[in-house]
A.B. asks: 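So that we are looking at the same thing, I have put the structure below in structure tokens.
Each ligand, and each atom within it, is numbered from 1 in the order the structure gives.
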Amino acid sequence: MAIDVILGLQWGDEGKGKIVDYLASSYDMVARFQGGPNAGHTLKFDGKKFVLHTVPSGIFRPGLLNLVGNGVVIDPITLSAEIRELEKAGVDYQDRLLLARKAHLILPTHRYLDAASENAKGKSKIGSTLKGIGPTYMDKTGRNGMRVGDISRSSFKERYLALKEKHMSLLSIYPATAFDLEEEEEKWMESLEVLRKLKHVDGEYFINQALNDGKRILAEGAQGSMLDIDFGTYPFVTSSNTITAGVCIGLGVSPDKIGEVIGITKAYCTRVGSGPFPTEQDNATGERLRAEGGEFGATTGRPRRCGWIDLPQLKYTIMLNGVTQLAITKIDVLNVFDEIEAGTAYQINGQTTKELPYDICGQPIQPVYTAHPGWKQSLEGILDYEDFPDAVKNYLLSMERELGVPITMVSTGPERSKLIVKSRRTAKV
Ligand code: GDP
Ligand code: IMO
Ligand code: MG
């Protein structure tokens with residue numbers, strides 16, 4: 001069997017949690033392959049709402065396995081808080097939530113370092129979620145990190161103290177930052193007990209065995225392709241590879257095992273944190289999008305920056321990911337607009353281009369827009385793609401034409417049930 005992939009094509013928060021939760025019932029396993037608790041994936045069903053940060057979005061589907069892959073960085077404190085929520089909701093997770101032994105651990109001092117480093121950056125700060133992501137991946141590539149599998153080693157405490165000491169000396173280069181290390185350390189140690197009770201697996205063997213056994217697996221991305229450490233709007237990015245290639249690294253599967261790649265994009269665009277955003281509407285239109293779309297971060301509560309869809313940007317991330325089908329979310333947010341714009345090219349130094357420049361952070365980029373008529377009506381109750389107003393279909397068709405990838409799903413609301421499946425290609429065998 002092949003492993004299908006779902007990931008965000010913009011700057012995160014495209015609605016990955018919602019789509020994964022919807023599709024999960026067609027799979028045997030959902031696996032997260034990168035990122036950590038900087039992610040906030042919202043699921044709504046049966047009048048309930050959950051925000052997942054580390055736990056894969058298949059956890060609410062009975063019987064389905066959920067693997068936190070080696071490419072993910074895990075904060076025991078956040079994970080145990082998520083588990084408490086699952087327990088409160090009566091979700092049976094014990095045998096279904098699996099941690100890869102090679103996944104790295106976020107220590108309290110990683111968060112401390114994240115805060116101190118951001119603080120020191122002043123105006124040029126990244127706008128990090130301050131969950132310790134950057135420092136943890138730095139320790140991973142610096143070959144200093146601690147992994148899930150280390151929890152059961154007798155040398156664990158000793159290694160923890162050595163890494164903490166190293167972090168403390170690093171912290172001394174930064175201006176003082178408020179952080180209650182003692183309290184956070186106490187919570188961390190307690191939370192480790194919760195981690196110890198979960199199932200730990202050699203993720204790479206586990207997932208390849210599952211594929212050989214014919215299991216259907218869905219890889220769930222976090223963040224978005226424009227936040228990819230290599231191909232995003234560097235340095236305003238996260239610290240992992242958020243694109244399809246990250247699935248191979250973050251789960252231990254070979255490239256020939258990748259099946260369908262479902263790219264998710266909002267019908268407009270948002271970004272939270274600093275950095276370039278060519279089609280941003282820092283005006284009344286942006287405020288309207290924020291209000292209609294409830295655009296406030298699921299992890300930090302920060303207001304999201306809003307703007308129109310950016311087709312050259314999407315073409316770029318479709319190319320990077322090998323996207324085979326598109327899911328469009330939050331189309332309902334555009335119901336109130338008379339006119340909807342779509343960025344179709346960029347003007348840079350008097351030249352028109354459809355490619356993102358290397359120096360995206362260092363020069364003004366003026367998007368060229370095409371206006372589409374709005375539909376000015378609710379999409380409530382529409383269950384079939386053909387019943388969409390013509391203006392919706394034309395907007396989606398123009399997107400499909402420009403992007404060259406079929407739209408197979410359109411989301412019309414946050415709830416699980418509000419998804420119109422136009423045609424869904426199934427996994428390659
Ligand atoms: P993720 O990080 O990609 O999983 O996305 P988030 O959960 O951070 O943000 C997406 C937000 O949009 C959440 O509040 C979802 O409940 C909501 N949402 C998802 N799909 C739709 C949709 O089609 N319409 C509307 N109005 N809201 C949606
Ligand atoms: P999901 O999975 C949106 C952004 C932060 C910041 C930058 C670096 O919910 O889509 P980090 O904490 O990784 O050091 O922050 O990346 N960011 C996200 N933005 N959605 C996310 O995740 C994000 N995870 C990180 O706002 O600009
Ligand atoms: Mg999110």
Side-chain angles (χ1 to χ4, degrees), residues 6-22 32 34-45 48-54 56-57 72-73 75 106 110-111 113-115 117-118 121 125-138 220-229 232-240 242 264-277 289 291-305 327-336 378-380 409-420:
I6 283 206
L7 39 71
L9 296 177
Q10 299 168 308
W11 280 274
D13 304 327
E14 295 89 349
K16 298 175 289 293
K18 183 220 155 125
I19 305 287
V20 172
D21 168 60
Y22 178 90
R32 273 277 304 269
Q34 47 69 233
N38 47 350
H41 296 181
T42 315
L43 284 68
K44 277 191 173 177
F45 54 89
K48 290 174 283 193
K49 173 181 163 179
F50 296 93
V51 181
L52 298 172
H53 303 285
T54 317
S57 300
V72 177
V73 289
D75 188 334
I106 302 177
H110 283 131
R111 280 192 291 129
L113 277 166
D114 213 0
S117 149
E118 272 286 82
K121 283 194 167 119
K125 70 174 183 192
I126 309 290
S128 162
T129 59
L130 303 180
K131 301 293 176 189
I133 306 298
T136 307
Y137 279 115
M138 276 165 75
E220 173 182 4
Q223 290 79 57
S225 304
M226 295 305 289
L227 291 169
D228 182 271
I229 182 72
T233 45
Y234 193 88
F236 300 99
V237 292
T238 190
S239 299
S240 64
T242 58
I264 308 186
T265 169
K266 283 179 188 171
Y268 50 100
C269 193
T270 66
R271 160 161 219 177
V272 57
S274 329
F277 177 0
L289 284 167
E292 294 294 326
E295 294 296 357
F296 296 88
T299 296
T300 59
R302 290 178 292 176
R304 294 175 182 149
R305 298 157 61 194
I328 312 294
T329 57
K330 306 191 89 161
I331 191 83
D332 53 301
V333 172
L334 300 181
N335 290 352
V336 297
S378 163
L379 304 177
E380 199 64 40
M409 284 167 270
V410 183
S411 173
T412 58
E415 296 80 17
R416 184 191 273 171
S417 55
K418 293 203 171 151
L419 190 77
I420 291 175

A.B. asks: Verify whether one side chain among Ser128 and Glu118 offers a donor that lies under 3.5 Å from an acceptor in the other.
C.D. replies: no
A.B. asks: Side chain, backbone, both or neither: which part of Lys131 has a heavy atom under 4.0 Å from ligand 2?
C.D. replies: neither
A.B. asks: Residue-level breakdown please: for Phe236 versus ligand 2, do any non-hydrogen atoms fall below 4.0 Å on the side chain, on the backbone, on both, or on neither?
C.D. replies: neither
A.B. asks: Ignoring hydrogens and angles, tell me if any N or O in the side chain of Arg111 forms a donor-acceptor pair with the backbone of Leu130 under 3.5 Å.
C.D. replies: no
A.B. asks: Run the numbers on Glu14 and Lys330 for salt bridge (charged side-chain N to carboxylate O under 4.0 Å, His left out), then give the verdict.
C.D. replies: CA-CA 8 Å; Glu14 295 89 349; Lys330 306 191 89 161; over 6 Å; no
A.B. asks: Can you find an N or O of Gly40 that's nearer than 3.5 Å to an N or O of ligand 2?
C.D. replies: yes
A.B. asks: When you measure from the heavy atoms of Asp114 to every atom of ligand 2, does any distance fall below 4.0 Å?
C.D. replies: no
A.B. asks: Under 4.0 Å from ligand 2, counting heavy atoms only, is it the side chain of Val237, its backbone, both or neither?
C.D. replies: backbone
A.B. asks: Tell me which residues fall inside the under-4.0 Å heavy-atom shell around ligand 1.
C.D. replies: Asp13, Glu14, Gly15, Lys16, Gly17, Lys18, Gly40, His41, Thr42, Ala298, Arg304, Lys330, Asp332, Val333, Ser411, Thr412, Gly413, Pro414
A.B. asks: Near the Mg ion (ligand 3), which protein N/O/S atoms fall under 2.8 Å?
C.D. replies: Asp13 OD1, Gly40 O
A.B. asks: With a 4.0 Å cut-off on N to O distance, would you call Arg304 and Asp13 a salt bridge?
C.D. replies: yes
A.B. asks: Looking only at the side chains, is there a donor atom on one of Glu292 and Tyr268 sitting less than 3.5 Å from an acceptor on the other?
C.D. replies: no
A.B. asks: Any sub-3.5 Å donor-acceptor pair from Arg271's side-chain atoms to Gln10's backbone N or O?
C.D. replies: no
A.B. asks: Could you establish whether Arg271 and ligand 2 come within less than 4.0 Å of each other, counting only heavy atoms on the residue side?
C.D. replies: no
A.B. asks: Give a yes-or-no answer on whether the side chains of Ser411 and Lys18 include a donor-acceptor pair shorter than 3.5 Å.
C.D. replies: yes
A.B. asks: Below the 3.5 angstrom mark, is there an N/O of Glu14, backbone or side chain, next to an N/O of ligand 2?
C.D. replies: no
